[in-house]
Amino acid sequence: MAASSSELPGGAVSSVVRVGNTVRRRMAERADYVHRLLAHFEAHRWTAAPRFLGVDDEGREVLSYLEGHVAWEEEQPDGVGSDECLQVVGRLVREFHDLTAGASLAEGAEVVCHNDLAPRNTVYRSAGDLLRPVAFIDWDSAAPGKRIHDVAHACWQYVGLGPRYADVADAARRVRLLCDAYGLDDRRDVVETILWWQDRCWRGIDAKADAGDEAMSYLRARGAVSDVRACYDWVAEHRTVFEAAMK
């Protein structure tokens, strides 16, 4: 009997389907690199990423399904945005960075970066009464890079840096908490790199939408460009507060 299939939520750019204990996805542009990266994690018994299982009859990549809660909606259960979750995220990022440092996949760079670390790409499972991060998914943007690139992106996304955050001092404290959990030694460029990511993000969506990319047009129509620009302006406005927290 064939395994039943169902579309998984949260796929704003491409459709993701669960078939039994597997996930089926359209091949990304750099799929071969991502598959080698996932194989590297498997060889080192790092369980915080899906396993690449092959290609199906429809030409889709087949990945292992990671049971848990993926935080893709704006409203999340208690615990997803907690300090404890930030610390777990920091430690998990450090683990895969250390696993790729010096590996051929890093191609001479410091590490391999995920480049899209965010709650929507994180699997959470119950730990007592609260949820805790256990794995990262959607490695399509992975590439050689600097440790600070992933750390800064994680600070932006997991802390939720933007105008909806009323307490700037608390946001700065939580950015430092994530950096502490990761063990980042040089923090001089954390805020600058957060701003770099935000600027790069809205400009990238805008440019690709102008070029006719349907997925990026969809995101822009939903307000992604204006939302990210607002986040950039907010971080820039409070830059001195965040930089002081890094010292």
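Sequential numbering from 1 along the given sequence is applied to the chain's residues.
- When the shell of 6.0 Å around CZ of Arg239 is examined, it contains more than 12 heavy atoms from other residues, nucleotides or ligands.
- The shortest heavy-atom contact between Ala142 and Val112 is CB-CG1, 4.3 Å.
- Judged by the 6.0 Å distance and 45° axis criteria, Arg229 is positioned over the aromatic ring of Trp202.
- Residues Val16 and Val23 are in side-chain contact: their nearest non-hydrogen atoms beyond the backbone lie under 4.5 Å apart.
- Environment of CZ in Arg173: crowded, with over 12 heavy atoms of neighbouring residues, nucleotides or ligands closer than 6.0 Å.
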Checklist entry - Given Val175 and Leu161, is the side chain to side chain contact (heavy atoms under 4.5 Å, CB included) satisfied, shown in steps? => result CA-CA 9 Å; Val175 167; Leu161 300 178; 4.1 Å; yes
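- By the 4.0 Å N-to-carboxylate-O rule, Asp210 lies close enough to Arg220 to be salt-bridged with it.
- A heavy-atom distance below 4.5 Å is found between the side chains of Met246 and Cys179.
- Residues Val62 and Arg25 have side chains not in contact (no heavy-atom distance under 4.5 Å, counting atoms from C-beta outward).
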For residues 31-39, tabulate all N or O donor-acceptor pairs below 3.5 Å that involve a side-chain atom, not counting sequence neighbours.
from  : atom 1 : to     : atom 2 : distance (Å)
Tyr33 : OH     : Leu105 : O      : 2.7
His35 : ND1    : Ala31  : O      : 3.3
His35 : NE2    : Glu61  : OE1    : 2.6

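- Counting heavy-atom neighbours within 6.0 Å of Arg200 CZ, excluding the residue itself, gives a total of 12 or less.
- Counting heavy atoms from C-beta outward, Val70 and Ile137 have side chains that approach closer than 4.5 Å.
- Between Trp139 and Phe136, the ring-plane angle classifies as perpendicular under the 30° and 60° cut-offs.
- Residue pairs that meet the ring pair (Phe, Tyr, Trp, His ring centres under 6.0 Å) test with at least one member in residues 142-171, sequence neighbours left out, are His149-Trp196, His153-Trp156, His153-Trp197.
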Checklist entry - Does the salt bridge (charged side-chain N to carboxylate O under 4.0 Å, His left out) test come out yes or no for Asp83 and Arg174, once each step is laid out? => result CA-CA 7 Å; Asp83 284 357; Arg174 282 163 57 78; 2.7 Å; yes
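- Glu243 places none of its side-chain heavy atoms less than 4.5 Å from the side chain of Arg187.
- Look at Asp227 and Arg222 and you find no salt bridge, because none of the NZ, NE, NH1 or NH2 atoms lies under 4.0 Å from a carboxylate O.
- Atom CD of residue Glu214 and atom NZ of residue Lys208 lie 14.5 Å apart, to the nearest 0.5 angstrom.
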Checklist entry - What's the verdict on side chain to side chain contact (heavy atoms under 4.5 Å, CB included) for Phe52 and Glu42, showing C-alpha distance, side-chain angles and the deciding distance? => result CA-CA 9 Å; Phe52 172 60; Glu42 183 175 13; over 6 Å; no
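- The CD atom of Gln87 lies 9.0 Å from the CZ atom of Arg132; values are rounded to the nearest 0.5 Å.
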Item to check | Test side-chain hydrogen bond (donor to acceptor under 3.5 Å, both in side chains) applied to His69 and Gln76, step by step | outcome: CA-CA 10 Å; His69 170 76; Gln76 288 297 317; 2.5 Å; yes
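- Around CG of Asp185, the count of heavy atoms belonging to other residues, nucleotides or ligands within 6.0 Å does not exceed 12.
- Two residues are said to be in side-chain contact when any heavy atoms from C-beta on lie closer than 4.5 Å; Met27 and Val55 meet this criterion.
- Between Trp234 and Val168, the closest side-chain pair of non-hydrogen atoms falls below 4.5 Å.
- Contact of the Arg94 side chain with the Leu184 side chain is not registered, since no non-hydrogen atoms from C-beta on lie closer than 4.5 Å.
- Salt bridge annotation for Asp138-Arg120: absent, with no cationic side-chain nitrogen under 4.0 angstrom from a carboxylate oxygen.
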